[in-house]
Colleague: 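Structure incoming, see below.
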Amino acid sequence: MQSVPTVYYVALSAILFTLGVLGVLLRRNALIIFMSIELMLNSANLVFVAFAREFGQQAGQVFVFFVMTVAAAEVAVGLALIVTIFRAKRSINVDDINQLKG
Amino acid sequence: MTPTDFNAILPILVLAGYGCVLLLVDLLVPEHRKRITAWLALLGLAAAALGHVAWPAGGRLVAFGGMLVADGYALFFNLLFLGSAALTVLLAFNYLPRTGLERGEFYVLLLFTVLGMMLMGQAADLIVVFLALELLSIPLYILSGLARSRPSSEEAALKYFLLGAFSSAFLVYGIALVYGATGSTNLELVLAAANGGNPRLALLLAGVGLVLVGLGFKVAAVPFHMWTPDVYDGAPSVVTAFMSVGAKAGGFAALLRIFVVAFPDLAGQWGFVAAVIAALTMILGNFAAIAQSNIKRMLAYSSIAHAGYILMGLAAASAAGASLREFAVGAALFYLAAYTVTNLGAWAVVMAVERADSGTASTGLNLSDYAGLGWRRPGLALAMALFMLSLTGVPPTIGFVGKFYVFRAALDAGYLWLALIGVLTSLASAYYYLRIVIIMYMQEGQPVTVSRPALNFAVAVTALATFLFGILPGPLMSAATNAVMGFAR
C-alpha cells in the first residue's frame with residue numbers, strides 16, 4: 001500500500017503555520033488572533049504526528065496530547081481576559097485597546 | 001521510574017502540593033486578613049528550598065527517563081527563583097492592600113509561576129521546556145491583569161497573553177521540527193543525532209531558529225520585545241517586579257541549557273545570530289530608555305537592555321572549547337543573579353514612591369516625583385542610587401562585576417565588537433540611570449513615600465547584597481562556576 005510521504009505533511013503544516021502567523025499579524029479582532037495562534041499550535045501537532053509515524057514512535061503522538069492540553073489551558077485564560085476587556089470596552093478590536101502607548 | 005526520580009523533583013513536588021493546598025486554605029482566610037496567606041506562601045517557598053537536600057551534593061541526577069535533571073545549574077536557578085519570589089511576597093505585603101488588590105490568588109499564582117520557572121531550569125527535554133514555559137507564563141498572564149477594572153492592567157494582560165501565546169506557538173513548531181530532524185526531543189539524544197552532520201540539517205536549523213524566536217520573546221530580546229514596555233507599565237508594580245526578573249531568568253535557564261547542551265555542534269550558526277540579537281537588544285533597549293519620563297517604562301526598556309547583556313553570555317557560549325563555554329554560561333548566571341538583586345531593589349523603591357491611593361492627581365511614577373527624595377528619605381534614596389549605579393555597571397556594585405565577567409567571556413570567545421558595543425551602550429545607559437540620582441539629590445521637591453517594615457527590609461536586603469557582592473563577588477562567582485561545572489561537554 002502506498003502511503004503519503006512525510007514531506008507532504010510537513011509542507012502542509014508549514015502552510016498552516018504561515019497562515020496562522022499572517023492571521024496574528026493582519027487580523028484585528030482579538031478572538032480571530034487567538035484562533036490563528038491555535039492554528040499555529042495545531043500545525044506543530046501535525047509535524048509531531050507525521051514524524052512519529054515515520055519514525056514508528058509513540059513519543060511524538062503523545063506530545064500532541066501535551067500541546068492540546070496546554071492549548072486548552074490557554075483558551076481558558078485567554079477567553080476570560082477577552083471577556084473582561086469586552087465588558088469594559090464593548091469591543092475586542094485590538095486597535096481599540098491602545099491606552100498604553102506601544 | 002525509580003524512587004530516586006522523586007528526589008530530583010522533590011522541591012517541585014513540595015511547591016506544587018503546597019500551592020494546591022494553599023489555594024484551598026485561602027478560602028478559610030477572611031478577606032481582611034490575607035496577610036496570613038502571604039506568610040503561608042513564604043513558608044511554602046522555604047519548604048521548597050529545603051527540598052533540595054534530597055539532591056546529591058555536587059552530583060547530577062537524571063530522572064524520569066532523561067526528562068528532568070537535578071544538577072548544580074538547576075540548583076542555582078531554583079534558589080534564584082525561590083529567593084526572588086520570597087522578596088516579591090515581602091513587596092506584595094504592603095503594596096497589595098494599599099492598592100486594593102489584596103487577594104489570596106496572588107500568592108498562589110506566584111507559587112505556580114515559580115513552579116514553572118524551576119521546571120525550566122531542570123528540564124532536559126524540549127517538551128518539558130514547553131510545558132514549563134506555559135506553567136510559568138499562564139499564571140503571569142493572570143497576574144498582570146490582577147488590577148482588573150483598571151483598563152491599563154486588563155490591556156497589559158491581553159497584550160502579554162496574545163504575544164506570549166504567539167511566541168509559544170513558535171517554540172512548539174521549532175520543537176516539532178527539531179524532533180523531525182533528530183528523532184527525539186531529549187537534549188542529550190538531540191546532541192547525539194546532530195553530531196557529525198545531520199542529514200536533515202535545514203530542518204534542524206529551522207527548528208533551532210524557531211526555538212530561539214520563541215524563547216527570545218520570553219526574555220524580551222529585540223526584535224521580539226514590543227510587548228515589554230506596555231506590559232510592564234500596565235501590570236501592577238509588584239507583578240512587574242517579579243516578571244522582570246523571574247520570567248527573564250526562567251527564559252534564560254532554558255535558553256542556555258538548550259543551546260549549550262543540545263546544539264554545540266551548530267554553534268557556528270547560532271553563535272553569530274545570538275551575538276547580533278544581543279547587540280540590537282543592548283542598543284535599542286538603552287537608547288529607547290533615555291526617552292522615557294515614566295519610571296516603569298524606563299525600567300522596562302532597561303530590562304530589555306539587560307537581556308542583551310545576558311545574551312552576550314549566550315553568544316560567548318558558542319565558543320570552541322568546553323572551558324570557555326562553561327565560563328560564558330557561568331558569567332551569564334552571575335549576571336542574572338546580579339540583575340535579579342538590583343532590579344528587585346529598584347522596583348521596591350518604585351513601589352515606595354508610587355501613589356497607590358486613587359484620587360490623587362500624581363501617580364508617583366514620573367521621574368519628577370523623585371525630586372527631593374535624597375533629603376526626605378536619605379536611606380531610600382541612597383539605596384536607589386546604589387541600584388542605579390549597579391544597573392549602569394559602576395564599581396563597587398554587583399552590576400559592575402556582572403558586566404565585567406560577561407564582557408570577558410565575550411572577549412575570550414572572540415567577540416571583540418560585541419564587547420565594545422556592550423561598553424558603549426553601558427556608557428549611554430549612565431545618562432538615564434544617573435538622571436534619577438541627579439533628580440533625587442539636586443532638585444527640590446516634596447515626595448510622598450511609603451515606609452513599612454516589609455518594604456524597608458526588602459530594600460535593605462537588596463541594597464546590602466548589591467553592595468557586598470560588589471566588593472566581595474568571590475562567593476557568588478564560585479557558586480556560579482560550580483553550577484556550570486561539567487555543563488558543556
Side-chain angles (χ1 to χ4, degrees), chain A residues 6-7 9-10 13-14 16-17 20-21 24-25 30 33-34 36-52 54-57 59-60 62-64 66-67 69-71 73-78 80-82 84-89 92 94 96-102, chain B residues 125-128 130-131 133-135 137-139 141-142 144-145 148-186 203 206-207 210 226-234 294 297:
Chain A
T6 309
V7 65
Y9 290 108
V10 178
S13 87
L16 290 176
F17 187 79
V21 173
V24 171
L25 296 178
I33 292 179
F34 192 36
S36 304
I37 293 172
E38 294 295 314
L39 188 62
M40 292 166 73
L41 288 175
N42 281 322
S43 71
N45 285 346
L46 186 58
V47 178
F48 273 129
V49 174
F51 279 114
E54 184 190 314
F55 300 144
Q57 290 180 352
V62 175
F63 295 157
V64 173
F66 286 148
V67 176
T69 316
V70 166
E74 271 186 346
V75 168
V77 172
L81 286 174
I82 291 175
T84 329
I85 292 258
F86 182 75
R87 277 207 192 126
K89 287 197 191 286
I92 47 168
V94 286
D96 295 336
I97 306 169
N98 52 7
Q99 212 193 11
L100 301 159
K101 46 193 190 290
Chain B
D125 190 293
L126 289 170
I127 267 310
V128 180
F130 168 66
L131 292 175
L133 187 79
E134 292 300 319
L135 187 54
S137 303
I138 292 177
Y141 301 148
I142 308 172
S144 40
R148 66 162 199 267
S149 79
R150 208 181 70 211
S152 60
S153 178
E154 285 172 358
E155 184 181 329
L158 186 70
K159 278 187 177 163
Y160 192 28
F161 168 73
L162 286 178
L163 288 171
F166 188 48
S167 71
S168 307
F170 276 97
L171 180 72
V172 180
Y173 200 75
I175 293 173
L177 292 186
V178 171
Y179 173 69
T182 62
S184 173
T185 54
N186 185 291
L203 205 58
L210 287 171
M226 304 78 67
W227 57 274
T228 320
D230 281 0
V231 173
Y232 282 22
D233 186 5
N294 177 309
R297 292 187 82 83

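Nothing here was measured: the structure is a model prediction, and the numbers come from that model. We name chains A, B, ... by the order of the sequence lines, and we start the count at 1 in each one.
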Colleague: What residue, out of A/Ala80, A/Ser43, A/Ala59, has the most heavy-atom pairs lying under 4.5 Å from chain B?
Modeller: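 It is A/Ser43.
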
Colleague: Under a 4.5 Å cut-off applied to non-hydrogen side-chain atoms, are B/Val172 and A/Phe63 in contact?
Modeller: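 With C-beta onward as the side chain, the pair stays apart.
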
Colleague: Given a strict heavy-atom distance threshold of 4.5 Å, which part of B/Glu134 is in contact with chain A: side chain, backbone, both, or neither?
Modeller: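 Interface part for B/Glu134: side chain.
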
Colleague: So which residue, B/Phe161, B/Phe130, B/Tyr141, ends up with the most heavy-atom pairs under 4.5 Å with chain A?
Modeller: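 Most heavy-atom pairs under 4.5 Å with chain A: B/Phe161.
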
Colleague: Against chain B, label A/Glu54 side chain, backbone, both or neither, depending on which of its atoms sit under 4.5 Å from a heavy atom there.
Modeller: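 Contact with chain B: side chain only.
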
Colleague: What closest approach, in Å, do A/Glu74 and B/Ile138 show between heavy atoms, and which atom pair accounts for it?
Modeller: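 Nearest heavy atoms, A/Glu74 then B/Ile138: CG-CD1, 3.9 Å.
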
Colleague: If I measure from the heavy atoms of chain B, does A/Ala14 come under 4.5 Å with its side chain, its backbone, both, or neither?
Modeller: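 Both backbone and side chain of A/Ala14 come within 4.5 Å of chain B.
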
Colleague: Look at B/Leu135, B/Leu162, B/Val231 and state which one has the largest set of heavy-atom pairs under 4.5 Å with chain A.
Modeller: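 The residue among B/Leu135, B/Leu162, B/Val231 with the greatest pair count is B/Leu162.
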
Colleague: Can you say whether A/Ala52 sits under 4.5 Å from chain B via the side chain, the backbone, both, or neither, judging by heavy atoms?
Modeller: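 For A/Ala52, heavy atoms of backbone and side chain both lie under 4.5 Å from chain B.
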
Colleague: Give, for atom CD of B/Glu155 and atom CG of A/Asp96, the distance between the pair rounded to the nearest 0.5 Å.
Modeller: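 Separation between the atoms: 10.5 Å.
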
Colleague: Considering non-hydrogen atoms only, spot the tightest contact between B/Ala176 and A/Ala44 and give its length.
Modeller: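 Scanning both residues completely, I find the closest heavy atoms to be CB-O, 3.7 Å.
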
Colleague: Would you mind checking which part of A/Phe48 comes under 4.5 Å of any heavy atom in chain B, side chain (CB onward), backbone (N, CA, C, O), both or neither?
Modeller: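 Its backbone and side chain both get close to chain B.
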
Colleague: Output the option from B/Ala156, B/Ala157, B/Gly183 having the highest count of non-hydrogen pairs under 4.5 Å with chain A.
Modeller: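 Of the options given, most contacts go to B/Gly183.
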
Colleague: Pick one of side chain, backbone, both or neither for A/Val94, based on which atoms fall under 4.5 Å of a heavy atom in chain B.
Modeller: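 Looking at A/Val94, just its side chain touches chain B.
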
Colleague: Heavy-atom pairs under 4.5 Å with chain B are the metric here; pick the option from A/Val10, A/Val70, A/Thr6, A/Ile33 that has the most.
Modeller: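 Most pairs with chain B among the choices: A/Val70.
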
Colleague: Pick whichever of B/Leu177, B/Ile142, B/Thr185 has the most heavy-atom pairs under 4.5 Å with chain A.
Modeller: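 Between B/Leu177, B/Ile142, B/Thr185, the count favours B/Thr185.
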
Colleague: Do A/Ser13 and B/Tyr173 have side-chain heavy atoms sitting under 4.5 Å apart?
Modeller: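 Side chain of A/Ser13 against side chain of B/Tyr173, heavy atoms only: contact under 4.5 Å found.
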
Colleague: Using a 4.5 Å cut-off on heavy atoms from C-beta on, say whether the side chain of B/Leu203 contacts that of A/Phe51.
Modeller: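 Of all side-chain heavy-atom pairs linking B/Leu203 with A/Phe51, at least one is under 4.5 Å.
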
Colleague: Go through the atoms of A/Val67 and report whether side chain, backbone, both or neither lie under 4.5 Å from a heavy atom of chain B.
Modeller: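 Both parts, heavy atoms under 4.5 Å.
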
Colleague: How long is the straight-line distance from CD1 of A/Ile37 back to CG of B/Leu163, given to the nearest 0.5 Å?
Modeller: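 Nearest 0.5 Å value for the CG-CD1 distance: 7.5 Å.
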
Colleague: Of all of A/Leu39, A/Leu41, A/Leu46, which one pairs up most often with chain B through heavy atoms under 4.5 Å apart?
Modeller: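 So the answer, after comparing A/Leu39, A/Leu41, A/Leu46, is A/Leu41.
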
